[in-house]
Amino acid sequence: MKTKSSKSLTATNLRPFSSILVDGPERAAARAMLYPVGFKEEDFKKPIIGIASTWSNVTPCNMHIDKLALESEKGANEAGGKAIIFNTITISDGISMGSEGMKYSLVSREVIADSIETVVGCGGMDGYVAIGGCDKNMPGCLIVMARMNRPAVFVYGGTILPGCLTAATAPANSPNIGKDLDVVSVFEAIGQHAAGKINDAELHAVESCAIPGPGSCGGMYTANTMASAIEALGMSLPNSSAQNAVSPAKLDDCRRAGAAVVNMLKQGIKPSDILTRKAFENAITVVIALGGSTNAVLHLLAIAHAAKVKLTIDDFTRIGKRVPVLADLKPSGKFTMSALVAIGGIRPLMKTLLDAGLLHGDCLTVTGETMAETLANVKPYPAGQSIIQPLDKPIKRDSHLVIFRGNLCPEGAVGKISGKEGLRFEGKAIVFEGEEAALQAILKGTVKRGHVVVVRSEGPKGGPGMREMLSPTSAIMGKGLGKEVALITDGRFSGGSHGFVVGHVTPEAYVGGPIALVKNGDPIVIDAEKREMTLGISAAEMQKRKKTWKQPKPRYPRGVLAKYAHTVTSASEGAVTDKDLKL
């Protein structure tokens, strides 16, 4: 491995923070507190390595991470560190989706980042491993790594295995028999049920077997998207993003991550050496090639902000013009993440992108090697596989992540346009103040072919919390309206959403953005080729409506949601909460 720093590796250099905490007679009380938690005399001369675990029984995504944390502890201790395991929170998008509780989802990203910073800072930890397994704890871990700039490695908790509905467990003639199932399958089954395509027994059969055990949601949804992006950033070990949650490979990944942090200390490598502009371009490239979640836009902007790297939504357009979609993965495609794991994960894809000049090979990684060095011996995918397409026969020749502009979204909006639903949609607005009203209208049949469903007052400030619209988008797909109905929102989408959908509409309704002025029946055109989203009314009419608009009262006057709404920025800036701090 290459040595990043030529500094002499004294004990103090390896212990820049823990030495302050525990060295010297005046720190005897601190040492006394650490003996009962497992420290021995010799441990006080070792670097303290934090193991930030997002374990909880709140969600299957994280239910196994306590055991993974123990493996990282072993790896750090065997490499010469002294590990301390601590926990932070996690929430479940899948459980809270479509409810008021989902407003806490994006908020949790900030809480997780702040809580890890609090423990690492207070505990004098010289470096740390962070293990995440669900949508928001992953970018939360990266935000704090960028912010604190101490040696750190991210470990992905791994993907779940698919569920399967068999003829023995399903009602006869069920359309879901034999299909790989996951949580999105359940949301779409709700739409099938509302459309009369399946009955109560069939719906119950799907919900009973869709989630077979530990791990993150099994398609190229937000968790697997962000795991892949983090590996492409260089902040996790090679192949960490493409391992099953319950596997020997994942246990080994965790052990090696603990050792890697100690090695970073010895080499003088910090996140700021890794999280460069080129690294973020690599992450965007890999997300596009995989057909990843729109949430990657929001989270990569936030991580870049923490790393003090200038990144904007327009960078996604620039890179997207030359990077194709190659992965046939759910939700728009056929395959689950576990199927990609079985053929080698994302490393052969990254090698293909590198060889084509689409990745920066000179970016440093947590291994101490460059990205090109880590990919040098990667073998290609096995012959005959159909999950990852060749560069000359892509699924889509440019990015599925489309950044829209126009009089309806002057500061930008983010669409996930695979091409299967078409590249242009023109329809009449049907407007809803919030997700619940939209979902009920879709399930009851009020939403018809040709409608553009407008779900507003769901932005970072207005929600607050920018809920994901998986329930209404899945209901649209389940009712067979995926090509006949579009949905736009100032909220966001789950990585499991697909169809003609555009989110992150900015400025949001709460601050008087144009989406707040849309009325039922207004013509809306969404043009993915021109990257424009327009409201078909005159500028004079828009101004007239603006004059009569009044900002609604905050929905939450106190508590964490009130604090979040007060500090959060626009989605087009990553919905960060510390941008305007006057320091």
Side-chain angles (χ1 to χ4, degrees), residues 93-94 97-99 102 163 165 170-208 210 217 219 221 294 330-334 415-456 458 467-489 491-503 520-521 524 526:
D93 290 359
M97 196 74 68
S99 76
M102 186 62 191
L165 191 62
N173 301 318
S174 171
N176 295 298
I177 291 176
K179 294 180 180 179
D180 283 345
L181 302 178
D182 56 26
V183 68
V184 176
S185 307
V186 186
F187 281 102
E188 293 187 359
I190 294 169
Q192 293 172 343
H193 182 266
K197 297 178 182 178
I198 62 174
N199 59 28
D200 291 349
E202 291 172 291
L203 178 60
H204 182 263
V206 172
E207 74 175 70
S208 299
C217 299
Y221 310 146
T294 54
K330 287 188 170 189
S332 298
K334 300 176 185 175
K416 187 177 183 180
I417 311 297
S418 71
K420 294 180 180 180
E421 58 285 292
L423 296 174
R424 190 177 190 276
F425 193 96
E426 185 171 353
K428 300 290 186 182
I430 181 168
V431 183
F432 301 97
E433 300 290 342
E435 178 184 8
E436 289 87 350
L439 177 61
Q440 289 305 310
I442 294 164
L443 294 176
K444 290 177 181 177
T446 306
V447 172
K448 308 290 186 183
R449 285 175 171 81
H451 271 146
V452 178
V453 179
V454 179
V455 186
R456 65 189 179 199
E458 291 286 4
R467 288 192 291 182
E468 294 178 346
M469 303 293 117
L470 181 58
S471 293
T473 58
S474 296
I476 288 169
M477 298 304 293
K479 295 202 78 171
L481 295 171
K483 294 183 179 180
E484 285 78 29
V485 170
L487 187 148
I488 69 172
T489 180
R492 58 197 174 94
F493 295 112
S494 161
S497 293
H498 57 128
F500 216 109
V501 296
V502 181
N520 287 333
I524 292 175
I526 308 168

Evaluation steps, side chain to side chain contact (heavy atoms under 4.5 Å, CB included), between F432 and V453: CA-CA 8 Å; F432 301 97; V453 179; 3.9 Å; yes

Under the side chain to side chain contact (heavy atoms under 4.5 Å, CB included) criterion, do E433 and R456 qualify, and how do the steps go? CA-CA 5 Å; E433 300 290 342; R456 65 189 179 199; 2.6 Å; yes

Rounded distance [0.5 Å steps], CD1 in I476 versus CD1 in I442: 4.0 Å

Correct closest heavy-atom pair for K330 and S185 would be NZ-OG, 4.1 Å

Crowding at NZ, K197 (>12 non-hydrogen neighbours, <6.0 Å): yes

Under the 3.5 angstrom rule, does the side chain of E458 hit a backbone N or O of E435 as a donor-acceptor pair? yes

Could you go through R467 and R492, starting from their C-alpha distance and side-chain angles, then the distance that decides it, and tell me whether this counts as side chain to side chain contact (heavy atoms under 4.5 Å, CB included)? CA-CA 6 Å; R467 288 192 291 182; R492 58 197 174 94; over 6 Å; no

Flag the pair M477 / S474 as yes when at least one side-chain heavy-atom distance between them is below 4.5 Å, and no otherwise. no

Minimal heavy-atom distance between L470 and G496, with the atoms involved, is CD1-C, 3.8 Å

Between K179 (side chain only) and L165 (backbone N and O only), is there a donor and an acceptor less than 3.5 Å apart? no

Over all heavy atoms of both residues, which pair between V501 and I417 is shortest? Give the atoms and the distance, please. O-CD1, 4.2 Å

Residues H451 and T446: closest non-hydrogen pair is CE1-O, 3.7 Å

Is there a side-chain contact between F425 and V452 (heavy atoms, below 4.5 Å)? yes

Under a 4.5 Å cut-off applied to non-hydrogen side-chain atoms, are I488 and I526 in contact? yes

Short question: side chain of S497, backbone of F493 - any donor-acceptor pair under 3.5 Å? no

Could you check whether E188 and H193, counting side-chain N and O atoms only, form a donor-acceptor pair closer than 3.5 Å? no

Taking V431's backbone N and O only, do any of them form a donor-acceptor pair with N520's side chain (distance below 3.5 Å, no angle check)? yes

Please determine whether side chain to side chain contact (heavy atoms under 4.5 Å, CB included) holds for the pair V454 and I524, giving the CA-CA distance in whole Å, both sets of side-chain angles, and the decisive distance to 0.1 Å. CA-CA 10 Å; V454 179; I524 292 175; 4.0 Å; yes

Considering only heavy atoms from C-beta outward, does the side chain of V485 approach that of F500 to under 4.5 Å? no

How about V183 and C217: do any of their side-chain heavy atoms sit closer than 4.5 Å? yes

Can you name the nearest heavy-atom pair linking L203 to I190, along with the distance? CD1-N, 4.0 Å

Looking only at non-hydrogen atoms, find the nearest pair between M97 and F187 and report the distance. CB-CZ, 3.6 Å

